[in-house]
Colleague: 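Submitted below is the structure of interest, expressed as structure tokens.
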Amino acid sequence: MLDLQTLRADVQAVALRLAERGFQFDTAQFAALEGERKTMQTETQELQAKRNALSKQIGQLKAKKEDASALMAEVNAQADQLKTLESKLDDVQRRLNDFLMVIPNLPHASVPAGKSADDNVEVRRVGEPRKFDFAVKDHVDVGAGLGLDFDTAGKISGARFMVLKSGVARLHRAIAQFMLDVHTQEHGYTEVYAPYMVTGECANGVSSLAKFKDDLFKIEGRDLYLIPTAEYPVTNFVRDQILALNELPLKFVCHTPCFRSEAGSYGKDTRGMIRQHQFDKVELVQIIHPDQSQAGHEELTAHAETILKKLGLPYRTVTLCTGDMGFSSAKTYDIEVWLPGQNAYREISSCSNFEGFQARRMQARFRNDKNKTETVHTLNGSGLAVGRTLVAILENYQRADGGVDIPEALQPYMGGLKTLAPVR
RNA sequence: GGAGAGAUGGCCGAGUGGUCGAAGGCGCUCCCCUGCUAAGGGAGUAUAGGCUCAAAAAGCCUAUCGAGGGUUCGAAUCCCUCUCUCUCCGCCA
């Protein structure tokens, strides 16, 4: 949610910045709602104050065993009016809130303007794509011989699911373990385990349920959603909290499966495990002081990149342009790994600074050095998507004989195994 | 699944219809006293929002005692629904 003070101070400026990301902010409607809210609230509170004062007097009279019927009549006379005002105020506040809750975040000043992914700006490219002296296969073909099984998955769950067996199953597990160890031991994150389902309220804390509920799997008959990323439960750890200054920053790393309905992505990435209804991800989350969120964002992105470096996977990092950013983000770096099978860089991590946007929705604050409550900033990023890392390893480390070399960093997690041999 | 108990401020804990945003204690902040330390005395110490104001400061007001609804002139207190926690029994990875 945008900061109401900022919004009131200069609606036009806000509208302009939102336009950059392709969002039409209805300034007239905002002015109307705000105006209505203001009148309703003032009137309602005046009446409430009057009622409270009279009630107090009634109490005093009754304590002295005196007659209070005149005052009671006076309160009763305005009771209907008060009730009407209260419900009108309630209504306008809800409408104002609904209006505000679907407005995306303001892009940070450093975000390049643009309409689509084509306008994203590459900030760095690391590693050289390998030259193959044999016909390169994509991960589906490489994996087929190693235990990657879409047929069985299709039978039991349908499209966009996978079954892993034997070597690839173990490799999949090794990747997640490796990432968790690097982030906890080298980057100072606290490992957390969190629920795979969250309430609608929590979903609204990090994103907009009204806007994106179709992307989520909902538990029938309950106010629970399967998480599309560990960001959902973990960021909400600090919901409704006032943290002490010295508690910041909080740094969490969490490995979970992620569930996405992928509504609206029909026909996109239908082959292979690039886009699945269920995939594992190791997520980095930081709750941070506003003054440090920019630096923290750079740092978190570097933490994610470290994994790719250690795995020897070529990648590039891009800054998403205003038109390609997610709803809640003020600034996002996507890290894209090189996939020989697609002859392209594909997203493997998305690292965002949400500034106070999520924190205001969650009411996550801290006590600043002036002892005042202030909104925290939140950051998160994939560190990394486990399934896509598996894809990248299968494709980048494939051998002419159909096997796959195991990156050195992962060998300790594979019992010292150096190569996955085809199982036939 | 069955039976019972409970949810109050940073923490503990009182409060079962009236001046209660809430006693008391602990903690914390500031001040005083005490040649250090210990002890003692005083004051302050929730959050969100609104109004006044150019703004700040300040003041006033509203809401909030797990959440939502209801009764009432008035609700932490009474009623209903829900959520969560604890205890016992049963079941169980």
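Keep in mind that what you see is a predicted model, and the values were worked out from it rather than measured. So you know, we letter chains A, B, ... as the sequences are listed, proteins then strands, and number each from 1.
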Colleague: Starting at the 5' end of RNA chain B, which residue's closest nucleotide do you reach first, A/Gln45 or A/Asp90?
Modeller: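 Final value for this comparison: A/Gln45.
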
Colleague: Quick one: look up who B/C33 pairs with, Watson-Crick or G-U, both distances under 3.5 Å, and put none if it's unpaired.
Modeller: none

Colleague: What is the distance from CD of A/Glu43 to C1' of B/C61, rounded to the nearest Å?
Modeller: 15 Å

Colleague: Could you tell me the Watson-Crick or G-U partner of B/A14, where both distances fall under 3.5 Å? Say none if there is no partner.
Modeller: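 Partner of B/A14: none found under 3.5 Å.
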
Colleague: Quantified in whole Å, what is the C1' atom distance between nucleotide B/C65 and nucleotide B/A54?
Modeller: 39 Å

Colleague: Picking from B/U71, B/G50, B/G18, which would you name as closest to the side chain of A/Lys83?
Modeller: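 My answer, after comparing the listed nucleotides, is B/U71.
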
Colleague: For B/A93, give the paired nucleotide (Watson-Crick: N1-N3 plus N6-O4 or O6-N4; G-U: N1-O2 and O6-N3; both under 3.5 Å), or none.
Modeller: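 Paired with B/A93, as far as the under-3.5 Å criterion goes, is no nucleotide at all.
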
Colleague: From B/G50, B/C61, B/U19, pick the nucleotide closest to the side chain of A/Gln60?
Modeller: B/U19

Colleague: P atom, B/G27 versus B/A7: distance in rounded Å?
Modeller: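 After rounding to an integer number of Å, I get 25 Å for this pair.
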
Colleague: Is A/Arg360 touching bases, backbone alone, or none of the nucleic acid, heavy atoms closer than 4.0 Å?
Modeller: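 No contact.
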
Colleague: Across all strands, who's sitting opposite B/A22 as a Watson-Crick or G-U wobble pair, both distances under 3.5 Å?
Modeller: none

Colleague: Just the rounded figure in Å: distance from C1' of B/A46 to NZ of A/Lys372.
Modeller: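 Rounded to the whole Å, the gap is 13 Å.
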
Colleague: Name the closest nucleotide to the A/Thr373 side chain, picking from B/G50, B/A48, B/U62.
Modeller: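 For the A/Thr373 side chain, the nearest candidate turns out to be B/A48.
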
Colleague: For the P atoms, the ones on B/A3 and on B/C11, what distance do you get once it is rounded to whole angstrom?
Modeller: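 Each nucleotide's P atom is 33 Å from the other's.
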
Colleague: Answer yes if the side chains of A/Ser329 and A/Asn105 hold a donor-acceptor pair under 3.5 Å, and no otherwise.
Modeller: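 Absent: no donor and acceptor within the cut-off.
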
Colleague: Whole Å only: how far is the CD1 atom of A/Ile242 from the P atom of B/G9?
Modeller: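 A/Ile242 atom CD1 is separated from B/G9 atom P by 12 Å.
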
Colleague: Using a 4.0 Å heavy-atom cut-off, does A/Asn52 contact any base of the nucleic acid, only the sugar-phosphate backbone, or nothing at all?
Modeller: sugar-phosphate

Colleague: Using a 4.0 Å heavy-atom cut-off, does A/Thr44 contact any base of the nucleic acid, only the sugar-phosphate backbone, or nothing at all?
Modeller: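 Nothing, no heavy atom under 4.0 Å.
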
Colleague: With a 6.0 Å cut-off on ring centres, are A/Phe217 and A/Tyr225 close enough?
Modeller: no

Colleague: B/C61 P sits how many Å from A/Met40 CE, rounded?
Modeller: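 Nearest whole value for this atom pair: 23 Å.
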
Colleague: Check the angle between the aromatic planes of A/Phe25 and A/Phe30 and answer parallel, tilted or perpendicular using the 30° and 60° thresholds.
Modeller: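 Tilted, since the angle between the ring planes falls between 30° and 60°.
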
Colleague: Distance between the P atoms of B/A14 and B/C78, in whole angstroms?
Modeller: 16 Å

Colleague: May I have the distance from A/Gln41 (atom CD) to B/A48 (atom P), rounded to whole angstrom?
Modeller: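 My rounded result for the distance is 15 Å.
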
Colleague: Using the C1' atom in both, what is the distance from B/U16 to B/A22, to the nearest Å?
Modeller: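 Pairwise C1' distance, B/U16 against B/A22, rounds to 15 Å.
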
Colleague: Nearest-Å distance, CG (A/Leu245) to P (B/G10)?
Modeller: 18 Å

Colleague: Any base atoms under 4.0 Å from A/Arg222, or only sugar-phosphate, or nothing? Heavy atoms, all strands.
Modeller: nothing

Colleague: Could you give the distance separating B/G1 and B/C12 at their P atoms, to the nearest angstrom?
Modeller: 30 Å

Colleague: Could you work out which one of B/A48, B/A63, B/G50 sits closest to the side chain of A/Lys38?
Modeller: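 Nucleotide nearest to A/Lys38's side chain: B/G50.
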
Colleague: Could you tell me how far apart A/Leu85 (CG) and B/U62 (P) are, to the nearest whole angstrom?
Modeller: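 A/Leu85 atom CG is separated from B/U62 atom P by 15 Å.
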
Colleague: Using both distances under 3.5 Å as the test, list the Watson-Crick or G-U wobble partner of B/A38, or none.
Modeller: none

Colleague: Determine the interatomic distance between C1' on B/U47 and the same-named atom on B/C88; round to the nearest Å.
Modeller: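 One C1' to the other, the span is 38 Å.
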
Colleague: If I pick the P atom on B/U71 and the same atom on B/C79, what distance separates them, to the nearest angstrom?
Modeller: 15 Å

Colleague: For a quick check of understanding: with a heavy-atom distance under 4.0 Å over all strands, which category does A/Gln48 fall into, base, sugar-phosphate or nothing?
Modeller: sugar-phosphate

Colleague: Counting only Watson-Crick or G-U wobble pairs whose two distances fall under 3.5 Å, which nucleotide matches B/C28?
Modeller: B/G44

Colleague: Between A/Tyr193 and A/His255, is the ring centre distance below 6.0 Å?
Modeller: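 Aromatic pair excluded; centres sit 6.0 Å or further apart.
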
Colleague: Do other residues, nucleotides or ligands put more than 12 heavy atoms under 6.0 Å from A/Asp80 CG?
Modeller: no

Colleague: I'd like to know if the side chain of A/Gln342 pairs up with that of A/Glu395 as donor and acceptor (distance under 3.5 Å, no hydrogens or angles considered).
Modeller: no

Colleague: Verify the distance criterion only: is there a donor paired with an acceptor across the side chains of A/Tyr189 and A/His303 at less than 3.5 Å?
Modeller: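 Yes, side-chain donor-acceptor contact under 3.5 Å.
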
Colleague: Whole-Å distance between B/A63 P and A/Gln93 CD?
Modeller: 13 Å

Colleague: Which base sits across from B/G49 as a Watson-Crick or G-U pair, both distances under 3.5 Å?
Modeller: B/C61

Colleague: Go nucleotide by nucleotide along RNA chain B from the 5' end; which of A/Asn76 and A/Arg37 gets its closest nucleotide reached first?
Modeller: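 Of the two residues, A/Arg37 wins.
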
Colleague: Nearest to the side chain of A/Lys56 - B/U19, B/A48, B/G50?
Modeller: B/U19

Colleague: For the atom pair CD (A/Gln81) and CD (A/Glu86), what is the distance rounded to the nearest 0.5 Å?
Modeller: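 Between A/Gln81 CD and A/Glu86 CD, I get 11.0 Å after rounding to 0.5 Å.
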
Colleague: Provide the Watson-Crick or G-U wobble partner of B/A67, both distances under 3.5 Å; none if there is no partner.
Modeller: B/U81

Colleague: Base, sugar-phosphate alone, or nothing: which one does A/Ile58 contact when heavy atoms must sit under 4.0 Å apart?
Modeller: base

Colleague: If you check every side-chain atom of A/Ser55, which of B/G74, B/A48, B/G50 has the closest atom?
Modeller: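 Among B/G74, B/A48, B/G50, the one nearest the side chain of A/Ser55 is B/G74.
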
Colleague: Of the options B/C73, B/G50, B/U47, whose atoms approach the side-chain atoms of A/Met72 most closely?
Modeller: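 Side chain of A/Met72 sits closest to B/C73.
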
Colleague: Looking only at the side chain of A/Val75 (C-beta and beyond, no hydrogens), which of the listed nucleotides B/U47, B/C73, B/C61 gets closest?
Modeller: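 So the nucleotide nearest the side chain must be B/C73.
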
Colleague: I want to check one thing: is the phosphate of B/G18, taken as OP1 and OP2, less than 4.0 Å away from some side-chain N or O of A/Arg51?
Modeller: no

Colleague: Hey, would you say the A/His289 and A/Phe366 ring centroids sit under 6.0 Å apart?
Modeller: yes

